[in-house]
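Okay, structure first, notes after.
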There are 2 protein chains.
Amino acid sequence: MTLWSYDHKVTQQDFLMPKDTFFNLPEDKRTLICNAAIGEFAEYSFDQASVNRIVAKSGIAKGSFYQYFENKKDLFLYLVQLIAEEKEKYISPVMRNPDQHDIFTLLREIYLSGIQFAAEHPQYAEISRKILESKGKPIYAEIMADNLPSAYVFFETLLENAIERGEVRADIDIKMFAYLIASMNALVIEYYIEYLAQKYDGKMMETIDKFLDFLKNGIGEQSGGWTSK
Amino acid sequence: MTLWSYDHKVTQQDFLMPKDTFFNLPEDKRTLICNAAIGEFAEYSFDQASVNRIVAKSGIAKGSFYQYFENKKDLFLYLVQLIAEEKEKYISPVMRNPDQHDIFTLLREIYLSGIQFAAEHPQYAEISRKILESKGKPIYAEIMADNLPSAYVFFETLLENAIERGEVRADIDIKMFAYLIASMNALVIEYYIEYLAQKYDGKMMETIDKFLDFLKNGIGEQSGGWTSK
DNA sequence: GTAGAATATGACCTTGTGGTCATATGACCA
DNA sequence: TGGTCATATGACCACAAGGTCATATTCTAC
């Protein structure tokens, strides 16, 4: 399981981890630090997040911070791992048997779990979003090294299987739509969070179903009548 | 005309502008500075772009920089204005008479001009992209103040008119699809630039038409047969 | 009680930032 | 030649960043 794809790979122990000192801490102090850090990284990108602010919010000395973590990146990668583990819990039973359902059912579950996760953990979702948006920066590659394979490949496979089964038109550009569907996942979540509600409610299902209906049928009035060019 | 929407409003003189000293400069020196700055802002976000690097790349003294511009923001807003003016040139005749064409033709022109602009001015496009991705930061609001109305409202109007004419299903959520279409514009451009080519060629049209076909008809095998829920 | 290890601390270091300013340069005019 | 004014310059400033380290404190075991 990774942050953005939906396979079942078990996360391996990462190379960089908080020091023992951190795990020896009483739990409330550990969560205090984690919460301060989550708040910081939800508000600022990795580069712009400030260790000074984190220690100030945590009420610990700066020296202590570096007794717990090797550096800022160490803390960040640890949090990313925590978030990935939390997101794991949102994967529905349907997604665990992807071969037994059609692609629209699967996509529905994926989008659903994505929105639900974002609604219940807005800060986690915001951090995930900021990571995706940091494509090109060094930290992005480092995170993706721990979170492969990419979501794109996952969606490509999904589309290939769906075409074989006759659920999806065979003339689409698989690579392009894998890219679009993966990106639109983030888009729909953003839209939901920004414009509709902060919590998981009935409207959420409506939003997803509207979107899936669009994915399948488009927005054209006369389906099938219009062709490009 | 603004950076992301397609109305015909004429850009007003901005409050913050380079000083006279800058415009008194010989043209080659001015473009030298602009090119250095464009390169910097294409590589780094506004916050992370460095005046030190810009002056180093320009070969001018730091003091000189502040003889030309009030501050970093002054330079940046000036460049944004230049970019918007350049993008203006890509608006096709079709877009200048939006009432005489159906929505898919209009969208085709919009996406086309977007990709064409990005292909021919990758650095400008990258700067535009970075701006859109800086939602929430102070500089974003400042830019949008000069570039209203937002693209969302523009697409909402486009959809409303299309529904009235029977080109688009009347049961869609206009706000949601305005948001999606606006965002997907950026997505398609990103996909094209990242995976297909750097320059404007035949493949480009193909990409756009594939996407528009999807917009109208969806990716479902049997159009109209499947409904959500 | 005391030795010794683990942890807590904040002053301090280097580096880079946006921005300033006194001074130097050079062009134009009397 | 001397005076004036726009421009050019880089040393300098205050600040914040990530990170270090000698020292102080607390905990554990004998």
Side-chain angles (χ1 to χ4, degrees), chain A residues 16-34 36-37 39-41 43-80 130 134 137-139 142-143, chain B residues 16-34 36-41 43-80 130 134 137-140 142-143:
Chain A
L16 209 54
M17 280 286 284
K19 302 176 180 176
D20 290 340
T21 327
F22 177 69
F23 294 108
N24 293 341
L25 249 38
E27 198 189 329
D28 53 345
K29 191 167 185 179
R30 241 179 1 203
T31 60
L32 187 73
I33 294 170
C34 280
E40 179 72 12
F41 287 117
E43 188 167 353
Y44 302 94
S45 68
F46 172 74
D47 284 329
Q48 292 183 325
S50 156
V51 173
N52 289 323
R53 279 193 297 256
I54 292 175
V55 300
K57 226 184 295 182
S58 308
I60 64 172
K62 195 167 181 182
S64 299
F65 179 93
Y66 286 95
Q67 301 259 35
Y68 306 148
F69 307 99
E70 289 293 341
N71 47 42
K72 188 167 74 164
K73 191 172 74 184
D74 185 16
L75 163 62
F76 188 63
L77 291 182
Y78 171 66
L79 291 180
V80 168
K130 280 195 161 60
S134 74
K137 292 184 185 165
I139 191 70
E142 202 133 1
I143 291 169
Chain B
L16 209 53
M17 280 286 283
K19 302 176 179 176
D20 289 339
T21 329
F22 177 69
F23 293 109
N24 292 341
L25 248 38
E27 196 189 329
D28 54 345
K29 192 166 184 180
R30 240 176 3 197
T31 59
L32 188 73
I33 294 170
C34 280
I38 296 260
E40 179 72 12
F41 287 117
E43 189 167 352
Y44 302 94
S45 67
F46 173 74
D47 284 330
Q48 292 183 324
S50 158
V51 173
N52 289 324
R53 279 193 297 258
I54 291 175
V55 300
K57 225 183 297 182
S58 307
I60 63 172
K62 195 167 182 181
S64 300
F65 180 93
Y66 286 94
Q67 301 260 34
Y68 306 148
F69 307 99
E70 290 293 341
N71 48 41
K72 188 166 74 162
K73 192 172 74 183
D74 185 17
L75 163 63
F76 188 63
L77 292 183
Y78 171 65
L79 291 180
V80 168
K130 281 193 161 60
S134 74
K137 290 182 185 166
I139 191 69
Y140 180 84
E142 202 133 358
I143 291 169

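Letters A, B, ... are given to chains in the order of the sequence lines, protein chains preceding strands, and every chain is numbered from 1.
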Listed by chain and number, what are the side-chain contact (heavy atoms from CB on, under 4.5 Å) partners of B:Ser45, not counting sequence neighbours?
B:Asp47, B:Gln48
Between B:Lys72 and B:Ser64, just flag the one whose closest nucleotide in DNA chain C comes earlier from the 5' side.
B:Lys72
What does A:Lys62 touch in the nucleic acid at a heavy-atom separation under 4.0 angstrom: a base, only the sugar-phosphate, or nothing?
base
Just call it for B:Lys29: base, sugar-phosphate, or nothing, with non-hydrogen atoms closer than 4.0 Å on any strand.
sugar-phosphate
To the nearest 10 degrees, how far apart in direction are the end axes of the helix from C:dG1-D:dC30 to C:dA30-D:dT1, each fit to five base pairs?
20°
Atom pair distance, as rounded to whole Å: CG in A:Asp74 and P in D:dG18:
14 Å
Over all strands shown, is A:Phe22 touching base, sugar-phosphate only, or nothing at heavy-atom distances under 4.0 angstrom?
nothing
Quick one: A:Phe46 CZ to D:dA17 C1', roughly how many Å, whole number?
12 Å
Nearest whole angstrom, please: distance from the C1' of D:dT20 to the NZ of A:Lys19.
11 Å
Using a 4.0 Å heavy-atom cut-off to protein, can you give one letter per nucleotide of nucleotides 23-28 of chain D, 5' to 3': B if the base is in contact, S if only the sugar-phosphate is, - if neither?
------
Within the 4.0 Å heavy-atom criterion, would you say B:Phe69 contacts the bases, only the backbone, or no part of the nucleic acid?
nothing
Exercise: identify the closest heavy-atom pair between B:Ser58 and B:Leu32
O-CD2, 3.2 Å
For A:Lys72, which residues count as a salt bridge (charged side-chain N to carboxylate O under 4.0 Å, His left out) partner, sequence neighbours excluded?
none
Centroid separation under 6.0 Å, is that true for the rings of B:Tyr78 and B:Phe22?
yes
Round to the nearest Å and state the distance from A:Glu70 atom CD to D:dG18 atom C1'.
14 Å
May I ask you to decide if the ring planes of A:Phe46 and A:Phe41 are parallel, tilted or perpendicular, using 30° and 60° as cut-offs?
parallel
Closest non-hydrogen atoms of A:Leu25 and A:Lys29, given as atom of the first, atom of the second and distance, are CG-CD, 4.1 Å
Would you give the length of the straight line joining atom CD1 of A:Ile54 to atom CD1 of A:Ile33, rounded to the nearest 0.5 angstrom?
10.0 Å
DNA chain C contacts made by residues 47-55 of chain B, counting heavy atoms under 4.0 Å
B:Ala49, B:Ser50, B:Val51, B:Asn52, B:Arg53
On a heavy-atom basis, which atom in A:Ala37 and which in A:Leu79 lie closest, and how many Å separate them?
CB-CD1, 3.6 Å
Does B:Arg30 count as lying over the ring of B:Tyr68, i.e. NZ or CZ under 6.0 Å from the six-ring centre, within 45 degrees of the axis?
no
Close side-chain approach of B:Lys130 to B:Tyr44, heavy-atom, < 4.5 Å
no
A:Glu40 side-chain N/O to A:Ser50 backbone N/O, donor-acceptor pair under 3.5 Å
yes
To the closest 0.5 Å, what do you measure between CD1 (B:Ile38) and OG1 (B:Thr31)?
11.0 Å
Is any side-chain nitrogen or oxygen of A:Tyr66 closer than 4.0 Å to OP1 or OP2 of D:dG19?
yes
For a 4.0 angstrom threshold against heavy atoms of chain B, report the outermost contacting nucleotides of DNA chain C in 5' to 3' order.
C:dT17 to C:dC21
Please answer whether the main-chain N or O of A:Ile60 pairs with a side-chain N or O of A:Ser64 as donor and acceptor at a distance below 3.5 Å.
no
Got a second to check how far B:Met17's CE is from B:Asp74's CG, nearest 0.5 Å?
8.0 Å
